[in-house]
There are 4 protein chains.
Amino acid sequence: MISPTSPDFARRRAPEERPQQIIDAALAVFDERGLAGARLEDIAQRAGVAKGTIYLYFPDKEELFREVVRRTLVDRLEALGQEITAGAEAGASVAEQLRLYVERWWAFLVTTEYQAVYRLIIGELHRFPELADFYTREVKSRVHGLVGAMIARGIASGEFRGDIDASSAMRILGSMLMSHAMWTCRARLLDDAPTGDQQQLPFTLLDFFLRGMRPDAPASGAASDDSSNAS
Amino acid sequence: MISPTSPDFARRRAPEERPQQIIDAALAVFDERGLAGARLEDIAQRAGVAKGTIYLYFPDKEELFREVVRRTLVDRLEALGQEITAGAEAGASVAEQLRLYVERWWAFLVTTEYQAVYRLIIGELHRFPELADFYTREVKSRVHGLVGAMIARGIASGEFRGDIDASSAMRILGSMLMSHAMWTCRARLLDDAPTGDQQQLPFTLLDFFLRGMRPDAPASGAASDDSSNAS
Amino acid sequence: MISPTSPDFARRRAPEERPQQIIDAALAVFDERGLAGARLEDIAQRAGVAKGTIYLYFPDKEELFREVVRRTLVDRLEALGQEITAGAEAGASVAEQLRLYVERWWAFLVTTEYQAVYRLIIGELHRFPELADFYTREVKSRVHGLVGAMIARGIASGEFRGDIDASSAMRILGSMLMSHAMWTCRARLLDDAPTGDQQQLPFTLLDFFLRGMRPDAPASGAASDDSSNAS
Amino acid sequence: MISPTSPDFARRRAPEERPQQIIDAALAVFDERGLAGARLEDIAQRAGVAKGTIYLYFPDKEELFREVVRRTLVDRLEALGQEITAGAEAGASVAEQLRLYVERWWAFLVTTEYQAVYRLIIGELHRFPELADFYTREVKSRVHGLVGAMIARGIASGEFRGDIDASSAMRILGSMLMSHAMWTCRARLLDDAPTGDQQQLPFTLLDFFLRGMRPDAPASGAASDDSSNAS
DNA sequence: TATGAATGAGATTTCATTCAT
DNA sequence: AATGAATGAAATCTCATTCAT
């Protein structure tokens, strides 16, 4: 009874309608309780199905967990991809383009679903190395690919300084965005979250990043202070 | 040493020797398995005691968890504090001083214990808001206090640009250090970790940060006034 | 019969069939071992269900205990009530009627279930004051009501002596019946049980009671003052 | 260090000073919690000794229980015996003598210790048939012996009616006293206890008993209504 | 003698998983 | 396909008992 015409059918002997309800519910419960702490009963209840029904779609709790992480990431990434390509006709400078990407990227990061998955990844990934691989492959390398390429272009064009490699730079940008996204989302819990205009935050961070990437003053050797630490 | 004549002597004594073994073992197991996934039996075994012994010192699993987080943080922070005050004789510029602090801070962050606790904090803190408070209060505000104050001094002296507030800046620095520390520690798992000289990484990040904090060079090299704040 | 379309359908349903099996088994095991001594495993086994099944119907051991006492008493009392009302067409004298009641009452007291519950009530009721209340309310006051009323009628009519109040008299009758019922049931254990015709015992006791209730001095009308209150 | 000159040394390799503290504490805790529910820790605490100390005097919990029952009964009975023999020089009629005995007996029954033991006997004696024997032998037969003999004398002398055997009569008297003693002691719990002058209660019961034992009025057949129930 | 920390068997309780309906 | 009662393995927690001090 599952219509095979449905858009996101694909992927594994995966289900379709009911399954999505279950996955959504599972994500929420896994997020609240962790993998071991989540009770199938609660997931079922939240999904509005009976416990047994879950087993029609997922062989066991662990595989459900895997599927939750995979599917949530895939779905979110798809959205991210569409957003990014939709606005990809680009601006003049690399900095301008980066602005666009960071905006989308940020929107992705502060998503409830991404946060939940991220938390699970931090907390429970030890025992699921294949999920770690999946995450690295699908998320990091994807985003890193896009953004890293742009940075590389900036370096090549001289818009960015050349004494830092693109992937390090991208990691720096990523670290700032990721952490701040998390802090923003957990503001209530941590009560030490970034203040000020939340909408502006990603751009503030980007600006900081761009400063750090500016080529050294062409004229004098102002950067020589830096090298002093080597002595 | 303890007068056995008082029949109704304090039932539960402050943890002292045995408790520490248990806490250490528990940290390891909680880290591997998460809170719900950790089995008391495993903790006991790793601590080299019997299951029941744990209950002589901790009323239940949850309280053990709390104590693990609290005590580990307290111990680590103490070490951090000693390291920092030990080298507090200050450098010439704020940048110099920051170098020192970042070195210690980084050493703290890549500690196995901190990483474990951090993971637990990310993954399991929902249900332990009081631990979140504890973490914010004890760790974040402590480190932020120290480093934030230094940055504030740099801003005041003109060594750093004035159009960013100290606490935002500190959060930026913190986000870079924290994320990179984690990535470094999980290199094996994520296979996307920072490459290059691990020893150098915190300084590379600091340098990037300092660039971002440099005052906009309006005319000439105004930053040479740095030494003025020393007076 | 139960609409499965309502997802959040009542979680715990009223005990019905299975619960009764469990209660019966529990009564037996509680009786043998006492509350603390009874093992859920044994109860489950005797009920022919798995350990976990018990928890589908009772939240924990203590509540099971409570329910066992409550339900057993209610069931038995219902039977007692039916027996009594069934034979309520009344006799000539109060003594005649009392005979009938005592017969039923005795049949109730020597019931295995009553004996078990009574033992539990004596032995374990400290910690369950609400059960003590329940017992007093449901059993004692019910029986006392019936029998006490009859005795009161006897006193009023002058058939019984007037210098004793009905409720004291009823307690005397009750004490005799209860103790002898218990001794009879525990004959094997105590080896000091009443001898003679068991069937006759309650009537022997009643006769003794009636003697004790006989108005004084048949000669003069000393008791006639009593009957005055009947007019 | 146990003085063998102590009066109540005797009986089993039984202890002496410390042991008595333990037994007293144990009786209280067993009474509150039942055999299985009582924790050695609580007994130790209440006795003001360490857990281990108990094992210096009693091989295990069950034997402690046995000893508690035995010793408490023996002690109480000894007191009862002294009281009874002390006032045994007797009155004129059997009824008079019985009055004296009932007074002592009642004092024994309402004793906290007797009540506790009685409760244990009712509740936990299944698994300790030897204790049941002990109880029957030491308590019932002892009291029954004394009182039964008196009743027999009364019957023989014609003071009591002859159509009831002494031991049945004694059981009737006993049942009234025992139950009422219990109800009196549990007044707070059962809220259906006998009212009126507590001091007077045993005598009220005895009077009732004596009435029931009165020979049938020699003159007219006033009691003939009674015999009608035999038809 | 006396202690009480330590033990570990055993009890209660939970919950992933199955399966008859 | 869907259900949810039933299962029983496995986890948490308790406590009688031991033993080094």
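Within every chain, numbering begins at 1; the chains are lettered A, B, ... in the order of the sequence lines, protein sequences first and strands thereafter.
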Side chain to side chain contact (heavy atoms under 4.5 Å, CB included) between I43(A) and Q21(A), worked out | CA-CA 10 Å; I43(A) 295 173; Q21(A) 297 167 34; over 6 Å; no

Are any side-chain N or O atoms of [X] and backbone N or O atoms of [Y], one a donor and one an acceptor, separated by less than 3.5 Å?
| X | Y | value |
| --- | --- | --- |
| K61(D) | A38(D) | yes |
| E124(B) | L35(B) | yes |
| T72(A) | V68(A) | yes |

Record whether the side chain of K61(A) comes under 3.5 Å of the base of dT17(E) through a donor-acceptor pair of N or O atoms.
->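 There is none.
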
Can you measure [X] atom [atom1] to [N] atom [atom2] for me and round it to whole angstrom units?
| X | N | atom1 | atom2 | value |
| --- | --- | --- | --- | --- |
| Q21(D) | dT3(E) | CD | C1' | 15 Å |
| L64(B) | dA11(F) | CG | P | 17 Å |
| F58(D) | dA2(E) | CZ | P | 12 Å |
| I54(C) | dC15(E) | CD1 | C1' | 16 Å |
| L40(B) | dT14(E) | CG | P | 16 Å |
| R33(A) | dA16(E) | CZ | P | 12 Å |
| F65(D) | dA16(F) | CZ | C1' | 16 Å |
| E41(B) | dG8(E) | CD | C1' | 9 Å |

Hey, which sits more toward the 5' end of DNA chain E by its nearest nucleotide, A36(A) or E62(C)?
->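 Taking each residue's closest nucleotide, the earlier one in sequence belongs to E62(C).
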
Starting from the 5' end of DNA chain E, give me the residue, R39(C) or D60(A), whose nearest nucleotide shows up first.
->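 Here R39(C) is the residue nearer the 5' end.
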
Watson-Crick/G-U partner (both atom distances under 3.5 Å) of dT14(E) =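 Partner of dT14(E): dA9(F).
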
Base partner of dA20(E), which must satisfy Watson-Crick or wobble distances under 3.5 Å |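 Paired with dA20(E), as far as the under-3.5 Å criterion goes, is dT3(F).
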
5'-most by nearest nucleotide on DNA chain F - T53(C) or G52(B) =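 First, find each residue's nearest nucleotide; the 5'-ward one identifies T53(C).
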
R18(C) side chain near dA5(F) phosphate (N/O to OP1/OP2, under 4.0 Å) =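 Checking dA5(F) against R18(C), no side-chain N or O comes under 4.0 Å of OP1 or OP2.
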
Indicate whether OP1 or OP2 belonging to dA6(E) is found under 4.0 Å from a side-chain N or O atom of Y55(B).
->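 No, Y55(B) has no side-chain N/O under 4.0 Å of OP1/OP2 on dA6(E).
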
State, with a plain yes or no, whether a side-chain heavy atom of F134(B) is found less than 4.5 Å away from one of F128(B).
->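 Side-chain contact under 4.5 Å: no.
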
Looking only at side-chain atoms of L56(C), point me to the closest of dA2(E), dA1(F), dA5(F).
->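 The answer is dA5(F), which lies nearest to the side chain.
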
Where the side chain of K51(C) is defined as all heavy atoms beyond and including C-beta, which of dT13(E), dA6(F), dT17(F) is the nearest nucleotide?
->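 Of dT13(E), dA6(F), dT17(F), dT13(E) is nearest to the side chain of K51(C).
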
